[in-house]
There are 2 protein chains.
Amino acid sequence: MKIGEVATRSGCHPETVRYYERIGLLPAPPRTASGYRDYRSTDVDRLRFISRGRDLGFSLEEIRSLLGLAEDDGLSCQDVDRLARVHLVDIQARLGDLQRMAAELERVIGSCSGGERGQCVILDTLRRPLTSTEK
Amino acid sequence: MKIGEVATRSGCHPETVRYYERIGLLPAPPRTASGYRDYRSTDVDRLRFISRGRDLGFSLEEIRSLLGLAEDDGLSCQDVDRLARVHLVDIQARLGDLQRMAAELERVIGSCSGGERGQCVILDTLRRPLTSTEK
DNA sequence: CTAAAGTCTGTAGCCGCTACAGGGTCAAGC
DNA sequence: GCTTGACCCTGTAGCGGCTACAGACTTTAG
């Protein structure tokens with residue numbers, strides 16, 4: 001199977017597949033006589049695993065760990081769980097940041113559209129120091 | 001005022017201040033005889049504006065526009081409002097993505113801790129194609 | 001047989017910083 | 001006056017996670 005097919009089946013671009021190989025996330029496949037990469041279906045599985053991890057917001061380094069843990073069958077389930085929990089905390093923090101941003105933006109956009117001539121509330125907000133609603 | 005003081009007062013690192021100058025977001029200040037940058041307080045204001053914009057999740061390019069709009073006094077309030085609204089939509093999209101991620105992670109973490117021996121639910125989730133709850 | 005599509009390597013760019021290395025300058029203390 | 005340390009300067013490289021070339025090759029379809 002050539003890289004194009006692998007790309008289609010895994011949903012990763014060919015450049016991304018080569019990139020994952022370069023950083024050691026996907027093993028280098030054998031080559032055909034003319035130098036083309038020759039993949040098997042386990043490579044597609046691995047790429048799907050990576051892609052799915054990315055969808056869940058894991059970094060490539062986290063995914064590297066998860067792949068390692070998935071490899072060694074044994075009692076690594078706790079490690080996986082721990083990694084997922086740490087990651088969830090991370091995501092929740094970013095979520096909080098974004099929610100504060102959105103709330104603040106909604107506030108100023110609301111004031112602006114209803115505002116009367118005068119100064120632009122959004123620009124004023126940017127000029128003023130942080131309000132108490134934020135970190 | 002030297003760069004260190006400007007950095008302290010604006011809350012940006014000196015390297016960041018120089019970076020903003022390099023990309024043309026902050027005008028290059030005059031220099032002292034020995035080549036040190038010599039800022040005035042308007043520069044601190046501008047940096048605070050940028051920093052506040054970053055806190056609200058605007059990109060530096062968006063901030064560049066906002067600075068431009070803030071400069072030319074006139075009827076640019078609508079432009080500011082439009083930019084803010086577009087940005088809010090952006091943020092809300094990212095918010096949705098993160099919420100889906102968090103929900104999915106919570107689901108699998110829950111199953112895992114309560115699960116019985118067998119396979120690790122988290123790794124299984126990563127191996128399986130996307131579920132219907134996701135994009 | 002030719003043209004298009006795919007593949008190869010290597011390199012550079014994106015964003016928003018951050019962190020050096022290797023120098024110069026300035027203020028305080030002895 | 002001289003040293004020490006803190007600051008400042010320029011220029012460059014790195015981070016993550018790709019993406020997009022350029023310029024060469026091979027394979028495939030018509």
Side-chain angles (χ1 to χ4, degrees), chain A residues 1-26 28-40 43-44 46-67 87 90-91 94 97-98 101, chain B residues 1-26 28-40 43-44 46-67 87 90-91 94 97-98 101:
Chain A
M1 195 184 340
K2 284 186 286 183
I3 200 170
E5 191 180 341
V6 150
T8 308
R9 281 163 57 160
S10 67
C12 305
H13 288 173
E15 291 94 341
T16 307
V17 176
R18 283 190 282 257
Y19 171 70
Y20 288 163
E21 176 184 327
R22 202 163 64 243
I23 64 168
L25 212 52
L26 187 70
R31 301 294 184 113
T32 65
S34 58
Y36 283 16
R37 288 171 178 82
D38 186 20
Y39 295 96
R40 23 228 82 240
D43 295 312
V44 175
R46 196 173 173 98
L47 281 170
R48 286 223 188 99
F49 186 103
I50 296 171
S51 169
R52 185 103 174 81
R54 295 289 301 140
D55 283 342
L56 286 178
F58 286 96
S59 73
L60 292 181
E61 281 317 301
E62 286 172 321
I63 291 169
R64 199 190 292 277
S65 302
L66 287 171
L67 281 165
H87 180 56
D90 242 48
I91 286 182
R94 279 193 281 154
D97 286 348
L98 277 182
M101 279 183 209
Chain B
M1 194 186 339
K2 284 186 285 181
I3 201 169
E5 192 181 341
V6 150
T8 309
R9 280 160 62 157
S10 67
C12 306
H13 288 174
E15 292 95 339
T16 307
V17 176
R18 282 190 282 257
Y19 171 70
Y20 288 162
E21 176 184 327
R22 202 162 64 241
I23 63 168
L25 214 52
L26 187 70
R31 301 292 185 114
T32 65
S34 57
Y36 285 17
R37 288 172 179 81
D38 186 21
Y39 296 95
R40 23 228 83 237
D43 296 311
V44 175
R46 195 173 174 98
L47 281 170
R48 287 224 188 99
F49 186 103
I50 296 171
S51 169
R52 184 102 175 83
R54 296 288 302 140
D55 284 342
L56 286 177
F58 286 96
S59 72
L60 292 182
E61 281 318 300
E62 286 172 322
I63 291 170
R64 197 189 296 276
S65 301
L66 287 171
L67 281 165
H87 180 56
D90 243 48
I91 286 182
R94 279 193 282 155
D97 285 349
L98 277 181
M101 279 183 209

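Every residue meeting the side-chain contact (heavy atoms from CB on, under 4.5 Å) condition with Arg40(A), not counting sequence neighbours, appears here in chain and number order: Pro30(A), Asp38(A), Thr42(A), Asp43(A). Partners of Thr8(B) under the side-chain contact (heavy atoms from CB on, under 4.5 Å) rule, at least two apart in sequence or in another chain, do not exist in this structure. Contacts of Glu5(A) classified as side-chain hydrogen bond (donor to acceptor under 3.5 Å, both in side chains), with partners at least two apart in sequence or in another chain: Arg9(A). When the side-chain hydrogen bond (donor to acceptor under 3.5 Å, both in side chains) test is applied to Arg64(A), the partners found at least two apart in sequence or on another chain are Glu61(A). Scored by the side-chain contact (heavy atoms from CB on, under 4.5 Å) test, Arg94(A) finds Ile91(A), Leu98(B) as partners (sequence neighbours excluded). For the side-chain hydrogen bond (donor to acceptor under 3.5 Å, both in side chains) test, no residue two or more places apart in sequence or in another chain qualifies with Arg18(A). Among residues two or more places apart in sequence or in another chain, the ring-ring contact (aromatic ring centres under 6.0 Å, His included) test is passed with Tyr39(B) by none. A search for side-chain contact (heavy atoms from CB on, under 4.5 Å) contacts involving Arg22(A) returns Tyr19(A), not counting sequence neighbours.
When the side-chain nitrogen and oxygen atoms of Arg37(B) are compared with OP1 and OP2 of dC8(D), none of them lie within a distance under 4.0 Å. Regarding contacts with the backbone of dT19(D), every side-chain N or O of Arg22(A) stays at 4.0 angstrom or more from both OP1 and OP2.
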Going by atom type alone, with no hydrogens or angles, which donor-acceptor pairs under 3.5 Å involve a side-chain atom of residues 10-17 of chain A and a protein atom two or more places apart or on another chain?
{"residue": "Ser10(A)", "atom": "OG", "partner": "Val6(A)", "partner atom": "O", "Å": "2.8"}
{"residue": "Ser10(A)", "atom": "OG", "partner": "Ala7(A)", "partner atom": "O", "Å": "3.4"}
{"residue": "Ser10(A)", "atom": "OG", "partner": "Cys12(A)", "partner atom": "N", "Å": "3.2"}

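When DNA chain C is scanned in the 5' to 3' direction for atoms under 4.0 Å from non-hydrogen atoms of chain B, the outermost contacting nucleotides are dG16(C) to dC26(C).
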B/S/- contact track for nucleotides 21-30 of chain D, protein heavy atom under 4.0 Å | -----BSS--
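Annotation: proximity of residues 4-14 of chain B to DNA chain C (heavy atom, distance under 4.0 Å) is found for His13(B), numbered in ascending order.
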